[in-house]
Structure formats: C-alpha cells, structure tokens
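Worksheet: one structure, shown below.
Protein chains get the first letters and strands the later ones, always in sequence-line order, with residue 1 at the start of each.
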Amino acid sequence: MNTKQAPTHPLTQHINLDEPLDLSCYKEAGGYDGFKAAISQPSDTVLSILKDSNLRGRGGAGFPTGLKWSFVPPRDDSGSDRYLVVNGDEMEPGAFKDRWLLEGAPHQLIEGLLIAAHTISATVGYIFLRNEYSLAADRIQKSLDECYEAGLLGKNILGSSLCFDIHIHTSAGRYICGEETALINSLEGKRANPRSKPPFPQVAGLWGKPTIVNNVETFFNLPNIILYGAEWYQSLGRHKDAGTKIYGVSGRVNKPGLWELPMGTPIREIIEVHAGGMCDGYKLRGYQPGGGSTDFLLPEHLDTPMDYNEIGAIGSRMGTGTIIVLDDKNCPVDMVLNLVSFFAQESCGWCTPCREGLPSATYILQQIENGKGKLEDLDYLLDIVEMVAPGNTFCALAPGAAEPLQSGLKFFRDDFEQHIKDQCCPYH
Amino acid sequence: MNPMGNSSQAIQASIIQTDKRQIHACLTEGIRNEINHLLDHYPQASGASIDALKIVQNHYGWVSDDAINALAIHMQLPVSDLESVATFYNLIFRKPVGKILLHPCNGISCMLMGYRDFFGAIQQSLNISDGETTQNNHFTLISLPCLGACDKAPVMLKTGSGQEDKLFTNLQPSMVDHIIAELEQKKNKPRQGGDIK
C-alpha cells in the first residue's frame with residue numbers, strides 16, 4: 001500500500017488545460033507510479049483489485065470494469081494480438097467531459113492503458129478520437145512520443161516482458177462510432193455498423209481477437225486505484241457506487257462547466273452549488289441527467305444522488321453524468337425534436353426500427369412543433385417508442401433516442417397538447 | 001511457366017502502367033508516405049482506409065473519384081470498400097468544399113443557448129444555407145452535432161485543409177460579421193496541396 005497522501009481528486013489532479021504535464025513533470029507528480037505498482041504484481045492480482053474497487057464503466061452503461069476484463073480468455077502461447085481500445089468518440093449530445101481529460105492530462109490516459117495492457121496481456125492499444133478533437137490528438141501524440149523515448153512504450157517496457165504499442169485513430173464523424181462494436185468495425189476500416197453479440201468483443205473483437213473497449217474516464221481511474229487500493233476507492237463515493245465522477249452542467253445556469261465530485265453527489269448540489277443555479281429570469285423545467293440519450297427528470301428528483309442505481313431507480317440513466325438543463329423559456333417539444341432528429345441523422349441505417357422509426361418520429365415532432373400536429377400523433381409517437389425498444393434493435397442508439405421522447409411525452413404532455421390545440425408553438 | 005501469352009502480358013503491363021500514372025497523378029509522394037506510415041499501425045490495410053481518405057482530403061480539400069481509385073490501387077483494397085467508407089462518414093467530402101469549413105454546433109446545449117439565432121445570422125451573412133458553399137469558394141457551412149464544448153455554448157468549429165482548427169465559443173448573432181471578416185483576412189494561407197485535376 002502506498003504511504004503517500006491519497007488524492008482527493010484522482011481524475012483531475014494532473015489536469016492542466018493550458019499546457020498538460022510533460023513526462024518528467026508527470027513523473028515528478030507521482031505519474032506512472034500506478035503502472036509501476038501494477039507491473040510488479042501478477043495480472044490476476046491487479047484484476048482482483050479492480051474487481052474489488054467496483055469501478056463501473058464511465059462511458060454511460062456503467063458495466064463493472066473488472067468483470068468486463070475478466071471475460072478476456074487467459075493468455076495462450078500463440079502470441080496472437082490482443083487489443084485495448086480507448087473510446088474517445090465523445091459525441092453524446094450535451095457531453096463534454098472526455099475532451100477535458102484528453103486535453104488536460106494525456107499521460108494519465110496512457111498510464112491507464114499501460115495498466116490495462118499488463119492486466120489483460122494486450123499487445124496494441126488504439127485511442128479512438130473523434131475528428132473534431134484535434135488538439136487532444138496533438139497533445140496525446142506528443143505524450144506517446146515521450147513515452148516511446150523513455151521506454152514506457154514499445155518492447156520490454158521498463159525491463160519487463162510487456163510489449164505494448166499505442167496508436168491514435170482519428171475518426172471521420174458519426175455518433176454510432178461510440179457504440180463498442182460499431183467502433184471496432186470502424187477501426188477495421190468499415191462502415192460503423194454495430195455487430196450482433198455474442199461473440200462479445202472480449203473474446204472476438206478487433207480483427208477477431210480479444211478486445212477491451214473502455215471510455216476515456218474509465219482508463220483515467222486506473223492509476224490511483226492500483227496505487228491506493230480498492231478500499232480507498234470505494235470510500236470516495238458518497239453513496240453506493242465507488243470513486244469520483246466527472247459531472248457537468250450545460251444550459252441556462254450561471255456557471256456551466258465540469259467538476260470532479262464524489263460519486264453519488266446529489267443532483268441539486270451539482271446544479272445549484274457547482275453550476276451556480278439557474279440564470280436570472282429562468283426557471284428549471286427539467287433536465288437530462290447524463291446526456292441526450294437519457295430520460296428527462298424533474299425538479300422533484302433533484303435530491304437524488306447521482307449514481308448508476310439511484311438514477312436508474314427513478315427511471316433515467318446516469319449516462320455520461322453531464323446534465324442538460326431545460327429552462328422555462330425553451331420549448332420542451334423543440335428540445336425533444338432536436339434530440340430525436342440528431343439520433344435519426346446519426347442512425348447507421350443497419351436495422352429497420354431505427355432507420356425507419358426515428359425519421360418518422362422526427363417528422364411527426366416537426367409537424368407538432370410547426371403547429372400542424374394532431375392528437376393521434378402522440379399515440380403514434382408512443383408506438384415508435386415501443387417499436388425501437390431494447391431487444392428490437394442491434395444496438396442502444398434507437399432505444400437511447402426513445403428515452404427523451406417517452407419521458408418528454410410523459411412529463412411535458414401538456415406542452416405537446418397545447419401545440420396541437422393552438423396549432424402553433426407557444427414559445428416562439 | 002506463365003499461363004499468359006505474350007500479348008496478355010503486354011496488356012497486363014499497360015494496365016500496370018496506367019495504374020501507376022493514376023496513382024502518381026493523385027497521390028503525391030508525400031501523401032503516399034503518410035499513408036504507408038499509417039499502414040504500419042494496422043494488421044490489415046483496410047484499417048488505414050479512413051486515415052488514408054482523410055490524408056487525401058487534407059491535401060485536396062475533398063476526395064474525388066480519381067483519388068478513391070488511386071487509393072484502392074495503392075492500398076490494394078476494392079474500390080467499393082473505400083467508396084462505402086467514404087460515403088458513410090460525414091466528414092469525408094465527396095464534393096469540393098470551400099477553403100474554410102464552418103461547423104456551427106446544432107447539439108442540444110447549443111440549441112438551448114441560442115444556436116438558431118446565430119445560425120440564422122451566419123446564413124444571412126454568407127448568403128448560403130446549411131451544406132452550401134459561397135460562390136467565391138471561401139466558405140462552406142455545415143452544421144455538426146454536439147462538438148463537446150457545451151459549457152461554452154453556442155459554439156462553432158472552423159476547419160479546412162491546411163487550416164488550423166479553431167473553436168469559436170459563447171457566440172452571439174452580433175459576432176458574425178467580425179468572425180467572417182477575420183477569417184476572410186486569414187484564409188489566404190497557402191494550402192498543402194494543389195487542386196485536383
């Protein structure tokens with residue numbers, strides 16, 4: 001166990017957006033100690049620490065990271081490749097947390113990848129970045145170059161048997177690339193259509209080889225978990241889930257932004273204290289707790305702790321943890337229309353419910369917003385919600401689109417009906 | 001023994017000759033070197049498809065049919081595979097675009113913070129609609145979904161071949177004229193490649 005003072009902000013302690021720490025400064029600040037601690041232990045031990053820590057994937061689904069990694073088959077003697085992939089294709093509407101981490105502390109990402117490489121015996125890592133994050137790509141490449149020069153990447157890292165390379169892959173657009181199996185297809189140079197599961201990527205992913213895909217923030221958690229242990233990590237949370245989380249707020253609040261806070265911080269505290277509450281003259285109508293594909297919640301839910309189970313229990317998802325605030329001067333129908341048309345545009349077109357259902361929903365919402373809606377349209381929208389429900393589609397894109405649609409219809413039904421009754425949008 | 005007769009060999013040789021000319025016309029040595037470097041990152045050449053298309057685009061501003069054919073020969077991939085990828089990803093342009101690409105964010109946070117007013121103003125200022133290019137080829141306007149800068153909404157990203165990316169933040173309609181004037185001044189920075197024939 002490390003005797004140094006454990007950090008209170010393990011994800012952002014090294015962040016510097018103006019000029020991220022270079023290798024020597026990062027090392028001086030304790031960087032790569034987590035990797036050194038990991039590589040001095042057998043990979044099984046590292047995996048156990050990770051499982052005990054109860055770290056859950058920070059991309060949105062919240063799947064336990066240790067459990068995910070344990071599905072990778074034991075290493076054989078074939079010497080065939082095993083892949084690690086960083087999902088840095090941040091395109092969830094209202095999500096901007098990964099950009100902060102990628103631009104602010106690229107070495108912490110690389111350290112997380114190295115720990116993972118040791119744990120699952122990976123040979124190659126890809127950092128999948130969205131095209132627009134060019135500053136992040138430049139900064140990460142600079143850090144990778146430093147690591148190669150210092151023997152932290154390449155053959156026999158730090159004199160061990162670990163050989164690991166990292167490449168950056170910048171995408172060319174499309175939200176669907178954030179879906180794990182679509183991302184793998186995209187890395188193989190194909191259209192980003194999701195794959196059916198099983199087989200799961202842990203067994204047969206990139207080029208048919210065992211592959212782990214995790215979100216940027218998930219990798220950022222690893223160094224300190226290994227350094228300070230599972231118990232310390234668990235103790236950081238304020239509720240049942242472990243660790244800290246990057247939370248964010250956007251919309252008409254006084255101080256939109258991002259903060260690293262204990263997992264389970266109540267929504268009210270995030271919006272009212274950290275984001276400074278609503279701007280003068282605006283009232284809180286509702287909010288999406290974790291990005292555009294999460295169900296709306298209302299002011300009455302403000303005292304709920306932001307963790308996976310608690311937000312799940314009140315009918316939404318924590319998703320990315322970046323809250324989008326709807327004020328009383330923006331039209332809820334218009335907001336749902338913006339979200340659903342985004343998902344319709346970003347559908348890869350592979351399966352029918354998504355390809356056909358989302359454009360239909362967009363058209364109907366447009367009609368309602370433009371004052372041409374009919375009351376029966378609302379039933380038809382609910383039919384579409386049912387049609388794209390989980391299990392009817394290859395991936396979570398269309399079910400994600402249905403979340404703001406169904407909860408919007410539930411919580412802002414009066415607004416939808418008024419649009420139809422008055423044959424115009426009362427907000428415009 | 002070669003099963004092909006002499007005349008087949010001659011035809012084959014002339015095809016290879018044409019291929020080489022096609023490659024050299026579109027893919028300069030610099031472009032080929034950049035692509036070859038990236039091929040090392042993947043166990044199969046197809047993995048570098050998107051990168052290769054982007055490298056071509058970075059030099060020429062867009063990806064022409066000739067460029068796709070040349071890439072297919074150079075990377076030994078079917079043309080249809082490259083075309084399928086090029087038409088799937090929305091930041092690969094299969095038609096010429098302006099020198100400067102303006103991408104106002106139409107994601108939800110930007111919409112809530114006034115994207116529409118800004119977008120109306122910039123359309124009016126440039127006298128084009130979404131997806132169009134100004135007559136002088138200086139600007140192309142393409143809205144993109146969530147650019148991941150929601151705390152500074154509304155935002156707009158400026159890109160373009162041989163251009164530095166720049167993110168404009170906390171936008172107001174009144175800022176449009178100043179932004180356009182500033183970009184007009186800077187746009188004459190030389191491009192990396194020439195115009196594609």
Next on the checklist: Does B/F88 form a side chain to side chain contact (heavy atoms under 4.5 Å, CB included) with A/I176? I'd like the steps, not just the answer.
Outcome noted: CA-CA 11 Å; B/F88 183 86; A/I176 190 66; 4.0 Å; yes
Looking only at heavy atoms, which two atoms of [X] and [Y] are closest? And how far apart?
| X | Y | result |
| --- | --- | --- |
| B/G148 | A/Y133 | CA-OH, 3.5 Å |
| A/I324 | B/S109 | CG2-OG, 4.2 Å |
| B/P145 | A/R130 | O-NH2, 3.6 Å |
| A/L326 | B/L112 | CD1-CD2, 4.2 Å |
| A/A172 | B/Y89 | O-CB, 3.2 Å |
| A/Y83 | B/P43 | OH-CG, 3.4 Å |

Under a 4.5 Å heavy-atom cut-off, does chain B meet the side chain of [X], its backbone, both or neither?
| X | result |
| --- | --- |
| A/C348 | both |
| A/S186 | both |
| A/V253 | neither |
| A/D98 | neither |
| A/E346 | side chain |

Checklist entry - In terms of heavy-atom pairs under 4.5 Å with chain B, which of A/A192, A/G251, A/S134 leads? => result A/A192
Report, as yes or no, whether the 6.0 Å neighbourhood of atom [atom1] on [X] holds more than 12 heavy atoms from other residues, nucleotides or ligands.
| X | atom1 | value |
| --- | --- | --- |
| B/E182 | CD | yes |
| A/W350 | CH2 | no |
| B/D40 | CG | yes |
| B/N127 | CG | no |

Any donor-acceptor pair under 3.5 Å linking the side chain of [X] with the backbone of [Y]?
| X | Y | answer |
| --- | --- | --- |
| B/K54 | A/N131 | no |
| A/R99 | B/A149 | no |
| A/D165 | B/H41 | no |

Checklist outcome for this item: Heaviest contributor of heavy-atom pairs below 4.5 Å to chain A, chosen from B/L38, B/L157, B/I92, B/D51, is B/D51
Next on the checklist: Under a 4.5 Å cutoff for heavy-atom pairs, which residue among B/C110, B/G107, B/S84 has the most contacts with chain A?
Outcome noted: B/S84
Next on the checklist: Taking the side chain as everything from C-beta on, heavy atoms only, tell me whether A/E132 gets closer than 4.5 Å to B/L167.
Outcome noted: no
Item to check | Distance in Å, A/L187 CG paired with B/S46 OG, rounded so as to fall on 0.5 Å steps | outcome: 10.5 Å
Checklist entry - Just how far is it from atom NZ of A/K190 to atom CG of B/D81, taken to the nearest 0.5 Å? => result 9.0 Å
Item to check | Full working for side chain to side chain contact (heavy atoms under 4.5 Å, CB included) between A/F342 and B/I108 | outcome: CA-CA 9 Å; A/F342 163 79; B/I108 187 60; over 6 Å; no
Item to check | Atom group of B/D165 that falls short of 4.5 Å from chain A, counting heavy atoms | outcome: side chain
Checklist entry - Contact part of B/L77 toward chain A, heavy-atom cut-off under 4.5 Å: side chain, backbone, both or neither? => result neither
Checklist entry - What orientation do A/Y126 and B/Y42 show, parallel under 30°, tilted 30 to 60°, or perpendicular over 60°? => result parallel
